[in-house]
Amino acid sequence: MTETHTANSITIVDPNEFEASFSERDRFALEVLVGLSESRKRLPSRFMYDDEGSRLFTRITEMDVYYPTECEIETLRRNVDRIVSTVGSEPFNLVEFGPGNGRKARILIEPLLEAGLEFDYVPIDIAREYIDEIVTAFRESYPTLSIKALVSDYFAGLKWLTGQSNRKNIGLFLGSNIGNFSHAEARIFLRNMWSSLNPDDTVIIGFDLKKDIEMLLLAYNDPGGITAEFNLNLLRRINREIGGHFDCAKFRHFGTYDVFSGGMESYLVSKEDQTVAIDGIGRSFSFKAWEPIHTEYSYKYLISDIEQLARDTGFVVKEHLFDSNDWFVDSIWTVHKDGNADGDASAC
């Protein structure tokens, strides 16, 4: 474990020393090998967010047709006083999982500072470069803010934090990121979060709600083709980092909605029969014409789905906060632990 102190009460804590013998490039290559070897080919969506992918996704969030970002910003702004009142007056940690550029956290941090509350802002991300960027930006904007930025996976960082501090934790998992998990994966993720938190801690989780299907299809198939470029960048990343030979002109982006699961699904579809070599893993992969590679889920929720998910994973819903159109919800949950270390067996 390493700990580095910087000026203005800002602390960067790295709770994990990652093994040099298994780099991020190695992980990427292994996931590509496994995913493209399956009968229904897939590539994990988390690898879409390299520097170029993150730039493209930022452009997506700025499009009028892509409603979730602005809906959540509106939700936070119109409910900020209610969120601040939820925090209470005791010192706490404001923990953000995957902070991005910190745009949404700023909506809460400014009124929390104005209210004179004592808290540490704790962004957690496995990517050191993103943590460095947000610490630098927030140091300039809020010189009195104490930051303890954790370079870690979410749960290792959270467990480290709860072992170091007896403060209440207010967790932020915003941006409808929960929708990128299947329903089974979401239960596992949230149960792990529950296990890593203390009794009566609070989490605020963003959920994109089910709505008009045409609106969903437009948001994930924008006319400008930025979403397509974001999806195709995954193939370009394979080319750049592990010696792939994908010709992106021979693939197309396809986004569709599954009415049974309630999820938007993104694919890269081969336009022709082809074989693609990837030098870094010493394999070639054959694609039939119109064969898909699954790249991303984005599940949409009903309020009843959200409340069931909370019950299944040990949380208690305190309040739902909506935008003006009821298209998006930031749901406030508290951690319920009744002394049984295993909690609710139904969550297993």
Side-chain angles (χ1 to χ4, degrees), residues 1-3 11-19 22 24 27-28 31 44-50 53-54 57 72 92-105 108-109 119-135 138 147-165 167-199 201-207 296-299 309-310 312-315 330-335 337 343 347:
M1 181 185 302
T2 60
E3 184 169 346
T11 305
I12 300 176
V13 181
D14 184 350
N16 294 313
E17 297 294 343
F18 299 106
E19 295 182 8
F22 197 67
E24 184 65 16
R27 291 186 180 90
F28 182 38
E31 292 276 11
S45 61
R46 67 181 179 277
F47 292 115
M48 299 170 83
Y49 297 90
D50 63 348
S54 297
F57 184 71
E72 185 168 39
F92 64 96
N93 300 309
L94 184 66
V95 184
E96 185 168 20
F97 302 96
N101 62 11
R103 181 183 178 190
K104 294 169 185 174
L108 303 180
I109 286 172
F119 68 99
D120 293 328
Y121 173 56
V122 187
I124 304 178
D125 200 296
I126 200 168
R128 178 62 183 263
E129 60 270 26
Y130 297 147
I131 289 296
D132 286 342
E133 289 174 5
I134 199 167
V135 169
F138 278 40
I147 303 177
K148 293 184 177 178
L150 303 184
V151 180
S152 170
D153 69 77
Y154 295 157
F155 302 124
L158 189 55
K159 288 178 179 178
W160 179 89
L161 180 65
T162 54
Q164 298 289 315
S165 170
R167 289 182 172 187
K168 179 179 180 178
N169 297 298
I170 308 295
L172 304 176
F173 192 53
L174 305 176
S176 72
N177 289 325
I178 194 68
N180 295 138
F181 298 109
S182 70
H183 296 310
E185 291 168 341
R187 285 161 58 94
I188 293 170
F189 178 86
L190 292 168
R191 187 61 173 182
N192 282 332
M193 180 183 288
W194 178 92
S195 297
S196 304
L197 290 166
N198 295 321
D201 281 351
T202 297
V203 293
I204 303 174
I205 306 176
F207 292 90
E296 189 174 30
Y297 291 110
S298 184
Y299 286 100
L309 188 58
D312 287 347
T313 52
F315 293 90
D330 279 317
S331 190
I332 303 177
W333 296 1
T334 57
V335 176
K337 297 186 180 182

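Only a predicted model underlies this, so the values are computations on that prediction, with no experimental measurement involved. Values reported hereafter were calculated over all heavy atoms of this structure, with side chains retained and with hydrogens, waters and symmetry mates removed.
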S.K.: Between K148 and Q164, is any pair of side-chain heavy atoms under 4.5 Å apart?
M.R.: no
S.K.: Do the side chains of L172 and L108 get nearer than 4.5 Å, heavy atoms only?
M.R.: yes
S.K.: Just how far is it from atom NZ of K159 to atom CG of D153, taken to the nearest 0.5 Å?
M.R.: 9.0 Å
S.K.: Between the main-chain N or O of E296 and the side-chain N or O of S45, is there a donor-acceptor pair closer than 3.5 Å?
M.R.: no
S.K.: Is there a side-chain contact between P123 and I131 in this structure, where contact means two heavy atoms from C-beta onward sitting under 4.5 Å apart?
M.R.: yes
S.K.: Taking the side chain as C-beta and beyond, is there a heavy-atom pair between F173 and I178 under 4.5 Å?
M.R.: yes
S.K.: Fit a plane to each ring of Y299 and H183, take the angle between them on a 0 to 90° scale, and name the class: parallel (under 30°), tilted (30 to 60°) or perpendicular (over 60°).
M.R.: tilted
S.K.: Are any non-hydrogen side-chain atoms of T313 and W194 less than 4.5 angstrom apart?
M.R.: no
S.K.: Show the nearest heavy-atom pair for residues A105 and Y121, with the distance to one decimal.
M.R.: CB-OH, 3.8 Å
S.K.: Between atom CD1 of I170 and atom CG of L197, what is the distance when rounded to the nearest 0.5 Å?
M.R.: 10.0 Å
S.K.: Is the shortest side-chain heavy-atom distance between F315 and V335 below 4.5 Å?
M.R.: yes
S.K.: Mind listing the closest non-hydrogen atom pair of I124 and L158 along with its distance?
M.R.: CD1-N, 4.1 Å
S.K.: Looking at E72 and S176, what are the two nearest heavy atoms and their distance?
M.R.: OE1-N, 4.4 Å
S.K.: Roughly how far apart are L161 CG and N93 CG, rounded to 0.5 Å?
M.R.: 4.5 Å
S.K.: Show the nearest heavy-atom pair for residues S196 and T162, with the distance to one decimal.
M.R.: O-CG2, 3.3 Å
S.K.: Can you list everything that forms a salt bridge (charged side-chain N to carboxylate O under 4.0 Å, His left out) with E96? Sequence neighbours excluded, please.
M.R.: none
S.K.: Tell me every residue that passes salt bridge (charged side-chain N to carboxylate O under 4.0 Å, His left out) with K168, counting only those two or more places apart in sequence or in another chain.
M.R.: none
S.K.: First locate atom CG of L174, then atom NZ of K104, and finally report the distance between them rounded to the nearest 0.5 Å.
M.R.: 6.0 Å
S.K.: Could you give the distance from CZ (F92) to CG (D120), rounded to the nearest 0.5 Å?
M.R.: 9.0 Å
S.K.: For S331, which residues count as a side-chain contact (heavy atoms from CB on, under 4.5 Å) partner, sequence neighbours excluded?
M.R.: F207, I306, V317, H320, W333
S.K.: If every non-hydrogen atom of Y130 is compared with every non-hydrogen atom of D125, which pair is closest and at what distance?
M.R.: CD1-OD1, 4.1 Å
S.K.: Rounded to the nearest 0.5 Å, what separates atom OG in S182 from atom CZ in F189?
M.R.: 12.5 Å
S.K.: Crowded around R167 CZ? As in, over 12 foreign heavy atoms under 6.0 Å?
M.R.: yes
S.K.: Return yes if some donor-acceptor pair links the side-chain N/O of D201 with the main-chain N/O of N169 below 3.5 Å, else return no.
M.R.: yes
S.K.: Which atoms form the tightest heavy-atom contact between E185 and N180, and what is the distance?
M.R.: OE1-O, 4.5 Å
S.K.: Is there a side-chain contact between I109 and F138, using heavy atoms and a 4.5 Å cut-off?
M.R.: yes
